[in-house]
Colleague: 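Before I ask anything, here is the structure I am working with.
Everything numeric in this text was worked out from a predicted model, so none of it was measured. For ligands, and for the atoms within them, numbers begin at 1 and follow the listed sequence.
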Amino acid sequence: MSTVNKPLVIGNWKMNLDFVEAVHLGQQIGVMLRNKPAEHTEIVVAPPFVDIRSVSSIVTSERIPIAVCAQHVNPHDNGAHTGEVSTSMLKRLGVEWVLVGHSERRASYAMDDAVVAATLRAVVRSGMKAVLCVGEALEVREADGQDEFVREQLLSALNGLDPKFHDQVTVAYEPVWAIGTGLTASTEQVRAMTTHIRLVLPTLSMGASRVLYGGSVSAQNAASILSEGRVDGFLVGGASLKAESFLAVVQACDDCYALMANRRS
Ligand code: 13P
């Protein structure tokens, strides 16, 4: 864990859970957090578009201390973009966060660097917070090209971004080869990359941004990645689909932060 930032855990539900199931999971998270509140960790969930309204409603009405994130948004304000959703539509539903450039969108839905940059700008201009997802594929890692690859992704998305938006950006390092595979990057690999990202961000005057890790994060590996990987939290896929495993990751962040705060005092 880095030493300054409070931890952030985001559950990316991907294309899972219909709105009934999503409400159920949201309520379970609410009950569990009432019994054992997270003291230090900020919690965010990213349901599919069609679930957002229902999840937002129960979060508000049941005062569940979590924020709602969208998994994607179209950078245009409105118009002829069949099947897409705009930032203003999300804001109206109480969405505070948007994932930008998740590797699954980059790989399968023609989201190139230019679209990622435009989307990130649309998100922050609307007042929402952007989670910029970066990470290399296996062949890049095997050729030891991961540092340059991630640097390019960061620069192309963030270069020239108006400084007034800098504090609305969080970076999530998600190596493609670790997503949904059960293969987690080793703590050394995570640490090396988060250190690298923290060297690139100050060249963009964004040294204060939080850096998350994602890729087969679980209740079992969260504590060691946090304590040794120099991350500020996690972007969790599979393990976020059950309240118990999601909140176990949150708990690991809470415990780790408390331990580090104790050491600092
Ligand atoms: P998994 O945790 O299922 O590997 O997914 C990671 C991810 O892509 C989160 O955005």
Colleague: Give the atom numbers and elements of ligand 1 that come within less than 4.0 Å of a heavy atom of Leu235.
Modeller: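 Every atom of ligand 1 under 4.0 Å from some heavy atom of Leu235: 9 (C), 10 (O).
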
Colleague: Quick one: look at Asn12 and ligand 1, take heavy-atom pairs under 4.0 Å, and tell me if it's side chain, backbone, both or neither.
Modeller: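 Side chain only.
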
Colleague: Have a look at ligand 1 and work out which part of Ala178, if any, has a heavy atom under 4.0 Å from it: side chain, backbone, both or neither.
Modeller: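 Ala178 to ligand 1: backbone contact only, side chain stays beyond 4.0 Å.
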
Colleague: Using a 3.5 Å distance criterion without hydrogens, assess whether the side chain of Glu21 forms a donor-acceptor pair with backbone atoms of Asp18.
Modeller: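 Checking the backbone N and O of Asp18 against the side chain of Glu21, a donor-acceptor pair under 3.5 Å is found.
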
Colleague: How far is atom 2 (O) of ligand 1 from the closest protein heavy atom, and which atom is that?
Modeller: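 The closest heavy atom on the protein side is Gly237 N, 2.9 Å.
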
Colleague: Would you please test Glu188 and Arg191 for salt bridge (Lys or Arg N to Asp or Glu O under 4.0 Å) and show each step?
Modeller: CA-CA 5 Å; Glu188 293 77 23; Arg191 191 182 176 93; over 6 Å; no

Colleague: Let me see the working for Met15 and Gln71 under side-chain contact (heavy atoms from CB on, under 4.5 Å), right down to the final yes or no.
Modeller: CA-CA 9 Å; Met15 197 175 72; Gln71 298 173 16; 5.8 Å; no

Colleague: To the nearest 0.1 Å, how far is atom 3 (O) of ligand 1 from its closest protein heavy atom, and which atom is that?
Modeller: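 The protein heavy atom lying closest is Gly238 N, 2.8 Å.
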
Colleague: So, for Leu183 and Ser216, which heavy atoms are closest and what is the spacing to 0.1 Å?
Modeller: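 Heavy-atom minimum between the residues: N-OG, 3.6 Å.
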
Colleague: Count the heavy atoms of every other residue, nucleotide or ligand shown that sit under 6.0 Å from CZ of Arg53, and state whether that count exceeds 12.
Modeller: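 Atom CZ in Arg53 is not crowded, with 12 or fewer foreign heavy atoms closer than 6.0 Å.
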
Colleague: Are any of the N/O atoms in Gly180 less than 3.5 Å from those in ligand 1?
Modeller: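 Such a contact does occur with ligand 1.
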
Colleague: Starting from atom 5 (O) of ligand 1, which protein heavy atom do you reach first, and at what distance in Å?
Modeller: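 The closest one turns out to be Lys14 NZ, 3.2 Å.
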
Colleague: Give the atom numbers and elements of ligand 1 that come within less than 4.0 Å of a heavy atom of His102.
Modeller: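 Atoms satisfying the 4.0 Å criterion: 7 (C), 8 (O), 9 (C), 10 (O).
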
Colleague: Using the rule given for side-chain contact (heavy atoms from CB on, under 4.5 Å), can you reason through Gln27 versus Glu62, listing the C-alpha separation, both sets of side-chain angles and the distance that settles it, and then say yes or no?
Modeller: CA-CA 8 Å; Gln27 283 171 325; Glu62 299 183 19; 3.1 Å; yes

Colleague: Got a salt bridge between Asp232 and Arg198, using NZ or NE/NH1/NH2 to carboxylate O under 4.0 Å?
Modeller: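 A salt bridge is present here (some side-chain N lies under 4.0 Å from a carboxylate O).
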
Colleague: Do Asp113 and Arg106 meet the salt-bridge criterion of a basic N to acidic O distance under 4.0 Å?
Modeller: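 Looking at Arg106 and Asp113, the cut-off is met.
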
Colleague: So is there a nitrogen or oxygen of Thr181 less than 3.5 Å from a nitrogen or oxygen in ligand 1?
Modeller: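 Among all N and O atoms of Thr181, none is under 3.5 Å from an N or O of ligand 1.
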
Colleague: Provide, to 0.1 Å, the distance between atom 7 (C) of ligand 1 and the closest protein heavy atom, together with that atom's residue and name.
Modeller: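 Scanning the protein heavy atoms, the shortest distance from atom 7 (C) of ligand 1 goes to Glu174 OE2, 3.0 Å.
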
Colleague: Any N/O of Gly215 closer than 3.5 Å to an N/O of ligand 1?
Modeller: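 Such a contact does not occur with ligand 1.
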
Colleague: Looking at Ser216, which atoms of ligand 1 are within less than 4.0 Å of one of its heavy atoms?
Modeller: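 Numbered from 1, ligand 1 contributes 1 (P), 2 (O), 4 (O).
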
